[in-house]
Structure formats: structure tokens, C-alpha cells
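What follows is a single structure, written as C-alpha cells, with notes after it.
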Amino acid sequence: MKAPPFRYHAPRTLDEALSMAATLPSPRLLAGGQSLMPMLNFRLLAPENLIDLNRVEGLSGIRESGDAVVIGAMTRQREIEFSALVKARLPLLAEAIQWVGHRQTRNRGTIGGSLCHLDPSAEQPMVAMAMEATLSIAGPGGRRDLPMRAFALDLMTPALEDGEILAEVRFTPWAASHGWAFLEFARRHGDYAIVAVAVLIELGADGTASRVSITLGGVAATAVRVADAEAALLGTIVSPSDIDAAAACCGSVDALGDPQVPGWYRQRLARTLCARAIPIALARAAGGPASVRHPGNDGTNR
Amino acid sequence: MNADEAMREITLAVNGKTHTCKVAERINLADFLRQDLQLTGTHVGCEHGVCGACTVLVDGVSARGCLMLAVQADGCRVETVESLAAGTQGAAGLGPLQAAFRDRHALQCGYCTPGILMSLTELLRDEPSPDEEAVRLVLSGHLCRCTGYQNIVAAALQAATKPAGGA
Ligand code: FES
Ligand code: FES
């Protein structure tokens, strides 16, 4: 269908955008449009005012700031995909971004748009959850920071008050020698994941896992860290039975079911993907090259 | 169009020609190209970003025409499938990529073709000799219900390897 009528606004500065968001009736913020535009075209939404953030200065770009890598909310997924800085310091994000939609949608889609849309199986919120990213939110009264855990309130429900705009996301890179893996399963490449898993591991000098992050997407209302799976690896020289134990934890999380994908199926996928991802992350942490199937390179048009 | 439809004036370059027009604020870029500029080569399939039929190039990169408002293209450079046949290269004025599509039977009903041609145009500019995997990855952003994709891949690779090709 066609989008319902609305008034369109294209502010140039964040202050202008904030004042529009605070004063215009029934406003909606438009980022890359790769989720909002379909919702408008389906008429799932009918905002009176659409505030386009694409021309707002200062909301996009990737920079280092102290120990952190800061990514502007309007930074396009394409820019993240081709960023040498992201590849070097946030390899989990670099790997996850290749699973986001298609080249044609990553050219416009933004990291901030995805974080605020907060689809339960979207990759960027998973990485933010896995890395405990901090979100910097601009509002009428100034800025506030929220950890991703507190930002992701519920299914497609970010902790944004009326009139607030996500400005940037701050990631603190893991130690240079950390290992990472991002795997997902979807029926066609570019579809939202049925289940996805993100794993980060740091090894101590003695080879034991000194820091672990295991995050599932697609199983619950938001991306979830699986604390007992992390605990199964922490402090051990990870053995195949530790990996099985961690995978079993992932396979027993409360999983959403729907008519096409029952909960038990998501649990099985979570278990399988976790069991595959941990060895990849471990090998990378140990300095080994781990080959990972790039989305789509199995020779099929999925 | 409703009499009270909110309108806005935009200026953009489409296939090298500058247009200044008043457009409905809510019209998407694909519909604007088709209805306002009568450039009906760009097709509209699903209207929610899945099929890729509406794909055009905006400032040189591929974008879903159905997921972008025409007003957002203000000041932009848009390229549509109509730009590929400009000039007199190849048989019947087809561009090299289009000629390869004809050669290799890479289209049947042709509904998906304009979008695929634009995505492949972007790919061949970035990567003049892509391998099959790169072609398939780009095609994963398009649905074709006729060809089974095989001939589209063959056509893209044929266009890529032609020394004087350069889409
Ligand atoms: S019409 Fe735009 S992607 Fe299908
Ligand atoms: S040729 Fe018919 S849909 Fe592709």
C-alpha cells in the first residue's frame, strides 16, 4: 500500500530536531527508513508528523574516543561494514553487520534506527547487548546515558521518552586478542534471524577463559545474555564438555514460539549455533584463523 | 491525490537531467519516478523492501525506491534503468549489462529485471570483475520468480569479463 498522509520535516540540527520532536503532535523519527517505511506503507503507523533525521548534522560517523569506539546513530550500516576501525576494534560488529538485510538496504539503514526499532532478532541490538554498549540519548533537558540492558525494555520497546532522540552508541572494545563469533539461521539470507548467537571470549595467560559474553537473538522479546552459559566457560580451559554445557544452557532458555517457528525449534537452534560459535571464538582468541561461512557463500541464493 | 495533500518542492537530477517539481510529501521515490516523471522502467512489487524490483541508485549507491520518500531525494543524483540504454552501445542501444541479459536469457517476464540491473550496475562499478559469490550476494537482495537466478548470474559474469564492458 501507500503511506498514509503526514507532514514531513527535515531539520538540519539536533536542536531543531529535538524541538520538533517535543512540540509537533504525534511525531515519528525517520532514520534509514528500512523498517519504518514498510510500517508506513503497511499503514501499521500513521504519525501526523515525520521528522527526517537524515539531514541532521553531527549524527553520523565512527570515531575513537579514549578507550571507546563511538558510532553516531545515523551512521549507515554500509559505513560500518566497510570501516577499518570497526573491523580492527569491534570485529563482532563487523561480522554481525554482514547479516543485516542486503547491500541495498544496508546502504540506507542505520545503526540507531535498528537499535530504536529493537526487533527481537535484529543483529545490531544483539551486538550492543553482547558488548554492553552505552547509548547516548539527547532530550529536551540535555543528554543522558543508558546501558543497552536498560535501553532494551521489551519487544520493540526502547527506553526512549517522548521527545528524545538516540544520538550515539559507545562500544568499549575487548582486549585486542579476544575471540568473537556471530552466527545466525534464517530461511533466506537477509531475513530476520530465527535465532542468532554472538560470542565473545578473552583468554588469560594460562589459557583459561577470563571473560565471556554469550548473547542470543530471536528467542526472547529482546536480545538476551545467557549468564549460565557464560559461567560454564568462565575460569576453565574450555573443553568440548564445557562447550556442550554452555550450549545446553542456550538450548534451555525460555523461547518464544509462533505458528511457524515453535519455541522448541528455537531452543534447538540456539543450542546448535552456540555449540558452533564457541569453538570459532576460541580459535580466534588463541590467535588462530577460524573460517566462518560468510552469509550467502554456500553457493545458493538464499 | 487529495486536494489537501501536503506538497513540497524538490530539485533532483534523474539520469543526468535536473527536475524541479512539487511532490506529495508522502509519495515514495519509486512512485514519484513512475507517476510524476513517467519513468516507468522502475517497477514496484512489494512496497516493503523485500523484492528489490524498485531498486535505483541514489548518489551512486543502490536503494529501495519504495523505502525512500521522494522528498528525501531532494538534491540527490538518481539513476534508473532508463539510464542504462542511453547511447548506442551494443545491439539495439542496450548497455553492455543489458545486452548480456538478452544473450544469456537472464529475464523472462522482466518484472524484477530493472532493479537487478541497477544493483549489478553498482556492483560492477565497485568491482569490475566480481566472482560468482559476489554476484549472488548482491542478487540475494532481489526476488525473481521466473529465472531461477542461474542465467542472471551468468549474464552478470559475462558483462563483467568483457574487456571493453565496464557497466
Ligand atoms: S517494491 Fe520496493 S522492494 Fe519490493
Ligand atoms: S524475470 Fe520474471 S520475476 Fe524475474
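First the proteins, then the strands, lettered A, B, ... as listed; each starts at 1. Quick note: numbers below take in every heavy atom, side chains included, and nothing from hydrogens, waters or symmetry partners.
- Counting non-hydrogen atoms of neighbouring residues, nucleotides and ligands closer than 6.0 angstrom, the CG atom of A/D258 exceeds 12 such neighbours.
- Between chain A and the residues B/G52, B/S62, B/G148, the most heavy-atom pairs under 4.5 angstrom are made by B/S62.
- Considering B/H48, B/R64, B/M68 as possible partners of A/Q34, the one that fulfils the side chain to side chain contact (heavy atoms under 4.5 Å, CB included) test is B/R64.
- Salt bridge present: B/D126 and A/R103 bring a charged side-chain N and a carboxylate O closer than 4.0 Å.
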Dump the intermediate steps for side-chain contact (heavy atoms from CB on, under 4.5 Å) on A/R108 and B/L67, then the final yes or no.
CA-CA 9 Å; A/R108 283 196 70 73; B/L67 298 188; over 6 Å; no
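- Note: B/I116 CD1 to A/Q104 CD = 9.5 Å, rounded to the nearest 0.5 Å.
- When side chains are defined from C-beta on, A/H102 does not count as touching B/V138, because their heavy atoms never get closer than 4.5 Å.
- The 12-atom threshold is not exceeded at CZ of A/R276, counting heavy atoms of other residues, nucleotides or ligands nearer than 6.0 Å.
- Within 6.0 Å of CD in A/E57 there are 12 or fewer heavy atoms belonging to other residues, nucleotides or ligands.
- Heavy-atom pairs under 4.5 Å with chain B were tallied for A/R7, A/R78, A/R106; the largest tally goes to A/R7.
- Between chain B and the options A/G33, A/G101, A/S35, the largest number of non-hydrogen pairs under 4.5 Å is found for A/G33.
- Proximity to chain B (any heavy atom under 4.5 Å) is shown, for A/L40, by neither the backbone nor the side chain.
- For the atom pair B/Q72 CD and A/N54 CG, the distance stands at 5.0 Å (nearest 0.5 Å).
- Residues A/R55 and B/V71 approach most closely at NH2-O, 4.1 Å, considering heavy atoms.
- Residue B/D74 touches chain A through both its backbone and its side chain, counting heavy-atom pairs closer than 4.5 Å.
- Using a 4.5 Å heavy-atom threshold, the side chains of B/L69 and A/L30 count as touching.
- Counted within 6.0 Å of CD on B/E9, heavy atoms from surrounding residues, nucleotides or ligands total more than 12; the atom is thus considered enclosed.
- B/E47 places no side-chain N or O within donor-acceptor distance of the main-chain N or O of A/F42, the cut-off being under 3.5 Å.
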